[in-house]
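Here is the structure we will look at.
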2 protein chains.
Amino acid sequence: MAVDRLYALLERLGNLLRTEERAAGLRHGLQPVHLQALRYLQSCNRYSNTPAALTEYLGLTKGTVSQTLLLLEEKGLLRKQPDTEDRRVVHLLVTEDGRAVLKEALPPALFKRALTGLPGEGEALEAALTGLLRSLQAANAQRSFGACGTCKHFQREGPGRFRCGLTKEPLSREDSQLLCREHEAVPQGP
Amino acid sequence: MAVDRLYALLERLGNLLRTEERAAGLRHGLQPVHLQALRYLQSCNRYSNTPAALTEYLGLTKGTVSQTLLLLEEKGLLRKQPDTEDRRVVHLLVTEDGRAVLKEALPPALFKRALTGLPGEGEALEAALTGLLRSLQAANAQRSFGACGTCKHFQREGPGRFRCGLTKEPLSREDSQLLCREHEAVPQGP
DNA sequence: CCAATTGGTATCGACTCGATACCAAATGCG
DNA sequence: CGCATTTGGTATCGAGTCGATACCAATTGG
């Protein structure tokens with residue numbers, strides 16, 4: 001049965017990845033989930049670097065994530081900054097130390113080697129995985145956390161000048177490449 | 001950078017899978033690792049249903065796996081059977097209850113839907129994942145746990161009659177489809 | 001025959017994770 | 001406005017994973 005075989009493959013790869021991440025984090029006294037949190041926070045935009053967004057991304061409960069963040073803050077890999085508009089919200093900023101740890105640890109050496117050696121820059125793999133992820137998210141009513149520039153709210157106003165149709169804020173070229181919790185894929189025309 | 005994007009995709013899918021597995025196991029008081037152990041034991045051959053093999057498959061330490069097995073045995077999902085040849089070894093047999101739990105829980109509904117809906121039965125995905133896994137295992141000097149019939153020790157002796165070149169034992173058609181810890185891919189000729 | 005290796009278990013501590021409870025700020029509605 | 005509801009976040013607790021270490025029994029290899 002093809003579905004079972006596919007599932008077994010995914011599970012197996014997921015375990016390998018977790019094991020490697022565990023080993024990579026061990027050198028810094030970090031668990032897999034810590035590295036994952038840092039990686040997300042480093043690649044998301046300013047609307048999405050909050051505990052709530054991270055909670056959705058990781059698929060855990062907010063209490064659990066709150067603990068994770070506490071540890072990262074104690075280790076000096078993370079800094080909390082209160083939001084200026086909404087005083088309940090804090091923003092999570094990866095420190096220089098945090099970036100250094102991430103750069104050293106992710107992707108784990110094993111994956112870096114394997115992924116780099118893939119034929120055609122792994123284009124086939126990326127296409128297949130993207131399709132699967134989209135399908136999963138659609139079935140799950142889950143946020144996609146895609147890059148800002150691929151969102152249906154993304155508006156081009158000129159060369160290098162963009163705007164988010166949701167927040168109405170202007171966006172830089174760098175902004176457009178960051179992950180956003182409000183991301184919605186553009187509907188595929190027939 | 002393509003490698004980082006690929007890695008992010010893999011990590012994200014792995015987390016989703018874990019979350020779903022957690023939810024699926026919750027109904028039976030099981031953790032993700034328990035379901036994974038059961039699934040492996042149900043699909044491996046008689047050389048590979050031991051704690052040591054499972055330990056390698058899951059990438060954990062033998063102590064950890066021993067605990068996992070203890071719990072599964074207590075719940076009646078697993079039965080231990082001493083090996084007749086080597087009196088240190090035990091074989092792990094999934095009980096009827098264990099099979100029932102597995103059938104109900106894996107793959108999680110979300111994945112079953114998403115995988116079933118993939119174009120071309122997910123052939124592209126399977127090819128891409130298999131390639132990646134092979135590449136990872138090669139780089140890691142890790143066992144592949146492939147199906148018996150695809151192993152370099154697998155010998156055809158006639159219609160429906162096979163033999164393992166390593167253990168010299170005869171193999172049935174069913175045997176040939178089970179996962180084996182001694183599995184080695186046939187070397188690709190140029 | 002005895003060391004080294006292998007398969008497995010037991011115990012301990014660090015840590016994840018969910019559940020529950022809780023607080024403060026924002027929002028919605030009469 | 002006023003008050004219930006919702007949202008963002010934290011604190012605390014218990015169950016359970018996981019690695020490390022130690023240990024035992026059986027096998028293997030000189």
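Values in this document were obtained by computation on a predicted structure and should not be read as measured data. Only this structure's heavy atoms are used, side chains among them; waters, hydrogens and symmetry mates stay out. Letters A, B, ... mirror the listed sequences (proteins, then strands); counts begin at 1.
The CG atom of B:L58 sits 12 Å away from the P atom of D:dT17 (whole-angstrom rounding). Rounded to a whole Å, the CG atom of B:L69 is 15 Å from the C1' atom of D:dG16. A:L60 places its CG atom 17 Å from the C1' atom of D:dG8, with the value rounded to the nearest Å. One can place CG of A:L70 at 15 Å from C1' of C:dC17, the figure rounded to the nearest angstrom. In this structure, the CG atom of A:L30 is 16 Å from the P atom of D:dG19, given to the nearest Å. The distance from atom OH of A:Y47 to atom C1' of D:dT7 is 20 Å, rounded to the nearest whole Å. When the C1' atom of C:dC17 is taken as reference, atom CZ of B:R18 falls 10 Å away, rounded to whole Å. As rounded to whole Å, 9 Å separates atom P of C:dG18 from atom CG of B:L26.
Distance from the side chain of B:D86 is smallest for D:dT27 among the nucleotides D:dT27, C:dG8, D:dG8. Nearest to the side chain of B:T64, among D:dT17, D:dC18, C:dT9, sits D:dC18. Listed nucleotides C:dC15, C:dG7, D:dC18 differ in distance to A:Q31; the shortest reach to its side chain belongs to C:dC15. With D:dG9, C:dT11, C:dA25 as the choices, the nucleotide that has an atom nearest any side-chain atom of A:V90 turns out to be D:dG9. Side chain of A:S66, nearest nucleotide from D:dG19, D:dA26, D:dT10: D:dT10.
Between C:dT16 and A:H34, a contact under 4.0 Å exists linking OP1 or OP2 to a side-chain N or O. Proximity of A:R88 to the phosphate of D:dT7: no side-chain N or O atom is located under 4.0 Å from OP1 or OP2. Put simply, A:K62 has no side-chain N or O that comes within less than 4.0 Å of OP1 or OP2 on C:dT20. In this model, the phosphate group of D:dT10 is approached by a side-chain N or O of A:K80 to a distance below 4.0 Å at OP1 or OP2.
At a threshold of 4.5 Å between non-hydrogen side-chain atoms, the residues A:L72 and A:L41 do not count as touching. A heavy-atom distance below 4.5 Å is not found between the side chains of A:L78 and A:K80. Taking 4.5 Å as the limit, some side-chain heavy atom of B:S43 sits within range of a side-chain heavy atom of B:L179. Side-chain contact between B:R134 and B:T130: present, with at least one pair of heavy atoms (C-beta onward) separated by less than 4.5 Å.
We find that A:R39 and A:E21 are not joined by a salt bridge, their nearest charged nitrogen and carboxylate oxygen being 4.0 Å or further apart.
Annotation: of the two residues near DNA chain D, B:L71 and B:E85, the 5′-most nearest-nucleotide partner is B:L71.
Nucleic acid contact class of B:T55 (heavy atoms, under 4.0 Å, all strands): none. At the heavy-atom level, B:T68 lies nowhere under 4.0 Å from the strands shown.
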